[in-house]
Protein chains: 2
Amino acid sequence: MSRQRRLIIRVLSEARTHLSAADLHQRVTELDPDISLATIYRTLTIFEEEGVLKRLDFGDRKMRYEQADKEPHDHLLDTTDGSVVEFQAPEVAALLATIAARLGYRLDGYRLDVFASPDDSRAESARACVTAVQPPAKRPRSRHHHHDGREHSAPGR
Amino acid sequence: MSRQRRLIIRVLSEARTHLSAADLHQRVTELDPDISLATIYRTLTIFEEEGVLKRLDFGDRKMRYEQADKEPHDHLLDTTDGSVVEFQAPEVAALLATIAARLGYRLDGYRLDVFASPDDSRAESARACVTAVQPPAKRPRSRHHHHDGREHSAPGR
DNA sequence: CTAAATGCAAACTGTTTGCTTGGAG
DNA sequence: CTCCAAGCAAACAGTTTGCATTTAG
């Protein structure tokens, strides 16, 4: 394995957040100034195909990656600061499987991002933030999905 | 209102599927050859800001739009042919709200795409497909989310 | 030595924007 | 007549790719 590939793996495993290709490139570059973005992309793609990494799409048009060996989980995006909280909730898959069945389908997988803001009236239980996703919004354009039944909102993106 | 804007509204309301800017542009162009893509994008953006349209992101990096006045619903993407089924399932938002609360958050919204394939052992209940999302996969690159607890799969893009 | 991996720059896709012209009211 | 809206092309961001060069094994 090449020097750069080794480097990438290292940075990736040391990272505690979901990195994008650019993030990774930046970090890697600090340790070794001559690694091209193309290599980063190619390597990430390969790792993903090998099942080492999982590609995440938080909807801000930059892909993020996380180690594939972690427990299955979903992501909650804090709409106030873009941080990401990972959580496990088998009920989700179960519910979706039921819904799919109801429609005559078999669940193959799903993609879920939960947008939420800190509820300070509650105990700040296990708030273990992971990644910062585009904290400051550029345009006021709202993202797209709905939720509890009436509003649609989402993060300011 | 301009001729083109009127046209766009019309095509949009006649469409029974979720159209992307390009789809829309193509259809509109057939009726009136001189409408620029820029206009399409600008109009779509405006309509979205006015709350007339909702922007959808099925993860294939092209945004789709649907009328905003519909009942809130989610989308099931048929992984065998890319068609989209809309379904209502208030349990989803309820569950997510619960989960968010458990983590110390208040649900603001969510983004969900359910990937599933026809389960022919079941009755083909209400299979009302809506949109075709990139039927033929380009590369074998798997998408990213997990599901029932062990596999991760998803559509071939 | 040979196949595989890198670097660089150019290509791509979907989307946005600056600027000038055109048309609705 | 006054502006909002359209058209065009250039600009963008993220990602991919062709090709010549380097390098691990």
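Note that the structure is a prediction, hence the values are computed from the model and not measured.
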Within residues 26-39 of chain B, which residues have any heavy atom lying less than 4.0 Å from an atom of DNA chain C? B/L37, B/A38

For A/R106, enumerate each residue passing the side-chain hydrogen bond (donor to acceptor under 3.5 Å, both in side chains) test, keeping only those at least two apart in sequence or located in another chain. B/S117

Counting only pairs under 3.5 Å, give me each side-chain donor-acceptor contact of residues 87-98 of chain A, with atom names and distances, residues two or more places apart or in other chains.
unit_1 : atom_1 : unit_2 : atom_2 : d
A/E91  : OE2    : B/R102 : NH2    : 3.0
A/T98  : OG1    : A/A94  : O      : 3.0

With sequence neighbours excluded, residues passing salt bridge (Lys or Arg N to Asp or Glu O under 4.0 Å) with A/D32: A/R3

Under 4.5 Å between side-chain heavy atoms, hopping through other hydrophobics if needed: is there a path connecting B/V28 to B/L31? yes

Holding to side-chain hydrogen bond (donor to acceptor under 3.5 Å, both in side chains), I want the full list of residues that pass it with A/E66, two or more places apart in sequence or in another chain. A/H18, A/H73

In residues 4-14 of chain A, what residues come within less than 4.0 Å of DNA chain D, judged by heavy atoms? none

Only counting residues at least two apart or in another chain, list the ones meeting side-chain hydrogen bond (donor to acceptor under 3.5 Å, both in side chains) with A/R6. none

Any B/S2 side-chain N or O less than 4.0 Å from OP1/OP2 of C/dA24: no

Those residues that, when tested against A/Q67, pass side chain to side chain contact (heavy atoms under 4.5 Å, CB included) (two or more places apart): A/S13, A/D69, A/K70

Could you state the atom-to-atom distance from CG of A/L19 to P of D/dT15 in whole Å? 13 Å

hbond_proxy B/R42 side chain to C/dG18 base (donor-acceptor, 3.5 Å cutoff): yes

Go nucleotide by nucleotide along DNA chain C from the 5' end; which of B/R3 and A/M1 gets its closest nucleotide reached first? A/M1

For C/dT15, take OP1 and OP2 only and decide whether either is under 4.0 Å from a side-chain N or O of B/Y41. yes

Kindly write out the residues that satisfy salt bridge (Lys or Arg N to Asp or Glu O under 4.0 Å) with B/R10, not counting sequence neighbours, or none if the list is empty. B/E14

